[in-house]
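In what follows, a structure is listed as structure tokens, so that the remarks can point back to it.
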Amino acid sequence: MKRTKIKDILNTTDFGQEINIQGWVRTFRNNQFIAINDGSSINNVQVVVDFLNTDDALLKRVTTGAAVSVTGTLVESLGKGQRVELKVKTLEILGDSDPEKYPLQPKKHSLEFLREIAHLRFRTTTFNAVFKIRHALAFAIHKFFNDKGFVYMHTPIITGSDAEGAGEMFRVSTIDFDKVPRNDDGTVNYKEDFFGKSTNLTVSGQLEGELAAMAFGEIYTFGPTFRAENSNTTRHLAEFWMIEPEMAFCNLQDNMDMAEELLKYVVRYALDHCGDELEFLSTRLLEEEKQKPANDRSELDLVTKLNFCLDNDFVRITYTEAIEILKNSKPNQKKQFKYLIDEWGADLQSEHERFLVEKHFKKPVILTDYPADIKSFYMRQNEPDETGRRTVAAMDILFPGIGEIVGGSQREERLDKLEQRMYEMHIPVEEMSWFLDTRRFGSAPHAGFGLGFERLVLFVTGMTNIRDVIAFPRTPNNAEF
RNA sequence: UCCUAAGUAGCUCAGCUGGUUAGAGCAUCUGACUGUUAAUCAGAGGGUCCCUGGUUCGAGUCCAGGCUUGGGAGCCA
């Protein structure tokens, strides 16, 4: 008999039919009720065994984690907790699970413990929900861009350019560490290496993305990204996924509009397609927050927070306006900030971003037009203001609890201005000649941004540690599984 | 990398100013019960108290160094 997915029977009213289900035992209660999950739904189906007429040795093997195949009759449940249940005709153990050794118990485990057994944590309801939502968000992103006619570009994972300027890189090499080829002056001879030059894992597909955008008009990338920063936080990974759209004939305003529309679209998609999962995570979060002091709890529950994000325009202010707000803010005047705001030009610390997003505006905020000195070389230079301050057409989208979820800019399309900036910031101009060709031949205004996928998943699932929204997190000192 | 807290049974945690044989709940095992919802009841087993060194008559507890983990910061998505 072909197996039926649990998802398809939970809401059925077609009682009396005989079906087969296959899944993993979550718990076996009262020697007769087996809760089975097959991953198709976060909900289990209850299977009822006639234990008086079933072999004791077989029942002993029905343990938490075991894989089973059950054929039986679908009936309306006599009990309270569920609508339907399966009355067993035949029960087969497909794979045993030694209860002395299986680490998952039918109880709440800490996320820290589950992180240590990441290979098994998919089998918990929480991670089932998180990874279903992760999938839905990934799908929604492709759907959004596809529907708009964007071309999905696969930019290289291995890169020979070290000018991307987005942090420390992981070296890619086949050189034997015990026999490193050297030049006469003692430096490493990369001509002997696999690619005949020094190569690294990509920190961004943006530069290649720009090349494609200057032909297709609108493209996006969605792939893994690697940063060898020694970052130990709840929002950084050494290997993470990033979405990077790049659009020709597009300015900073268009860029912001696109980013806001994308974020709202995918949140809407999750609300429409992952109702059960979000409901579960929302309740879970409320339970968790009961442990916290009252003023540390969130004001909105997860689903309400997501809807609130959809119903309100993101606040758009310039860096200069943000500095004014922060300067006059209570925590600044009462010297509660660790880093006090006194001068234009300072980089905003996360305490400042949090104040703007979580206290002052209480909604997502897009900050624009940052000082040129604290931003990357490729961002388009604005006209200096009346006081001579130099800014660039950058934009960062800040989300409550997450911080920067999107970073983008209009790109500097004027060759002379771009080259001049590259010299100032010691970017090797000759090596980047291929990149500058876009400005030499048919240059056009264009813009793009990077969206941190795991940070998006954090926001939508309400999880608080980025290591819990990627299957096997890579962080300093950890590359297990 | 910096600041900070923690590490005791499979899991979650208690263990006071250093003092006999280190505890609880859940899990596991044995038995009972049988329409349960993290089933219930009774009993049993289960420990490198993170590691190394030190102080002391005596260290889970105090000191030094190290390791690991959580939270915060920086870097950023």
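All values below were derived from every heavy atom in this structure, side-chain atoms included, with hydrogens, water molecules and symmetry-related copies excluded. Throughout, a chain's letter reflects where its sequence line sits, starting with A, and its residues are numbered from 1. Model, not experiment: these values are computed from the prediction.
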Q.
Do the side chains of A:Lys89 and A:Glu18 get close enough for a salt bridge, i.e. N-O under 4.0 angstrom?
A. yes

(Q) Let's test this: given Watson-Crick or G-U wobble pairing with both distances under 3.5 Å, identify the partner of B:C33. (A) none

Q: Would you check if the side chain of A:Glu260 reaches a backbone N or O of A:Phe314 as a donor-acceptor pair within less than 3.5 Å?
A: yes

**Q.** Closest listed nucleotide, where the reference is the side chain of A:Arg455 and the choices are B:C76, B:U36, B:G71
**A.** B:C76

Nucleotide N/O of nucleotides 30-33 of chain B paired with protein N/O under 3.5 Å:
none

Q: State which of B:C11, B:G74, B:U36 makes the closest approach to the side chain of A:His109.
A: B:C11

(Q) Side chain of A:Asp347, heavy atoms from C-beta onward: which of B:C76, B:U37, B:U34 has the nearest atom to it? (A) B:C76

Q) Is any N or O donor-acceptor pair between the side chain of A:Ser231 and the base of B:C75 shorter than 3.5 Å? A) yes

Q: Measure up the A:Phe435 and A:Phe377 rings against each other and bin them: parallel (under 30°), tilted (30 to 60°), perpendicular (over 60°).
A: perpendicular

Q) Parallel under 30°, tilted from 30 to 60°, perpendicular over 60°: which one fits the rings of A:His154 and A:Tyr152? A) perpendicular

**Q.** Sorted by number, the residues of residues 118-133 of chain A with heavy-atom contact under 4.0 Å to RNA chain B
**A.** none

**Q.** A:Ile19: which of A:Thr71, A:Leu86, A:Thr12 passes side-chain contact (heavy atoms from CB on, under 4.5 Å)
**A.** A:Leu86

Q. Could one point to a donor on the side chain of A:Lys87 or the base of B:G35 with an acceptor on the other under 3.5 Å away?
A. yes

Q: Indicate, with a heavy-atom threshold strictly under 4.0 Å, whether A:Leu237 touches base, sugar-phosphate, or nothing.
A: base

Q) Is A:Thr64 touching bases, backbone alone, or none of the nucleic acid, heavy atoms closer than 4.0 Å? A) nothing

(Q) By the 4.0 Å heavy-atom rule, please label A:Glu85 as base, sugar-phosphate, or nothing. (A) base

Q: Once you apply the 3.5 Å cut-off to both distances, tell me the Watson-Crick or G-U wobble partner of B:G65, or none.
A: B:C51

Q) When we call it a touch if two heavy atoms are under 4.0 Å apart, what does A:Gly79 touch: a base, just sugar-phosphate, or nothing? A) base

**Q.** Interatomic distance at P, B:U20 relative to B:U61, whole Å
**A.** 14 Å

Q | Spacing of CE belonging to A:Met256 relative to CZ belonging to A:Arg316, to within rounding of 0.5 Å | A | 5.0 Å

**Q.** Pairing partner (Watson-Crick or G-U wobble, both distances under 3.5 angstrom) of B:C13
**A.** B:G23

Below 3.5 Å is the cut-off: list the nitrogen or oxygen pairs between protein and nucleotides 3-9 of chain B, distance only.
none

Q. Between A:Lys305 and A:Phe459, is NZ or CZ placed under 6.0 angstrom from the six-membered ring centre and within 45° of the ring axis?
A. yes

Q. How far, in whole Å, is B:C57 from B:C62 if one measures between their C1' atoms?
A. 16 Å

Q: Quick one: label A:Phe33 by what it contacts on the DNA or RNA (base, sugar-phosphate, nothing), any heavy atom closer than 4.0 Å.
A: base

Q. Taking the side chain of A:His236 as heavy atoms from C-beta outward, which of B:U34, B:C76, B:U37 is closest to it?
A. B:C76

(Q) Quick check: A:His352 with A:Tyr339 (ring centres under 6.0 Å apart)? (A) no

Q) Hey, is A:Arg61 close enough to A:Asp55 for a salt bridge, meaning N to O under 4.0 Å? A) no

Q: Taking atom P in both B:C3 and B:U8, compute the distance separating them and give it to the nearest angstrom.
A: 24 Å

Q: Rounded to whole angstrom, note down the P distance from B:C49 over to B:G43.
A: 28 Å

Q.
With a 3.5 Å limit on both atom pairs, tell me what B:A38 is paired to, counting Watson-Crick and G-U wobble, or say none.
A. none

Q.
Check the orientation of A:Tyr319 and A:Trp344. Use parallel for under 30°, tilted for 30 to 60°, and perpendicular for over 60°.
A. perpendicular

Q) Under 3.5 Å, side chain of A:Lys132 to main-chain N/O of A:Gly39, donor-acceptor pair present? A) yes

**Q.** Sub-6.0 Å ring centroid separation between A:His119 and A:Phe472
**A.** no

Q. Looking at A:Glu246 and A:Arg411, does any basic side-chain N land under 4.0 Å from a carboxylate oxygen?
A. yes

Q) So what's B:A73 paired with, Watson-Crick or G-U wobble, going by both distances under 3.5 Å? A) B:U1

Q. Between B:G35 and B:G45, how far is it from one P atom to the other, in whole Å?
A. 32 Å

(Q) Can you classify the ring geometry of A:Phe170 versus A:Phe226 as parallel (below 30°), tilted (30 to 60°) or perpendicular (above 60°)? (A) perpendicular

Q: Describe the nucleic acid contact of A:Leu78 in one word from base, sugar-phosphate, nothing, applying a heavy-atom distance below 4.0 Å.
A: base

(Q) Classify A:Lys108 by what it touches in the nucleic acid, base, sugar-phosphate, or nothing, heavy-atom distance under 4.0 Å. (A) nothing

Q: Please determine, by modelled atom types, if A:Arg26 and A:Thr125 share a side-chain donor-acceptor pair under 3.5 angstrom.
A: yes

Q: Quickly, which of A:Phe127, A:Phe131, A:Phe481 forms a ring-ring contact (aromatic ring centres under 6.0 Å, His included) with A:Phe122? Name it, please.
A: A:Phe131

Q: Compare side-chain N and O positions of A:Arg29 against OP1 and OP2 of B:A39 and report whether any pair is under 4.0 Å apart.
A: yes

Q) If you look at every strand shown and take non-hydrogen atoms under 4.0 Å, does A:Phe453 touch a base, only sugar-phosphate, or nothing? A) nothing

(Q) Taking B:C63 as the reference, what is the distance to B:U4 when you measure between their P atoms (whole Å, please)? (A) 15 Å

Q) When the C1' atoms of B:C26 and B:C41 are considered, how many whole Å apart are they? A) 16 Å

Q: Look at all strands and tell whether A:Thr27 reaches a base, only sugar-phosphate, or nothing, counting heavy atoms closer than 4.0 Å.
A: sugar-phosphate

Q. For atom C1', what is the distance between B:G15 and B:A6, given to the nearest Å?
A. 16 Å

**Q.** Nucleic acid contacts - residues 348-366 of chain A versus RNA chain B, non-hydrogen atoms under 4.0 Å
**A.** A:Gln349, A:Ser350

Give each protein N/O atom lying under 3.5 Å from an N/O atom of nucleotides 67-69 of chain B, with the pair distance.
none

Q: Have a look at A:Asn232 and say if it touches a base, only the backbone sugar-phosphate, or nothing, with a 4.0 Å heavy-atom cut-off.
A: base

Q.
If you take any heavy atom closer than 4.0 Å to RNA chain B, which residues from residues 95-107 of chain A end up in contact?
A. A:Pro99, A:Glu100, A:Gln105, A:Pro106, A:Lys107

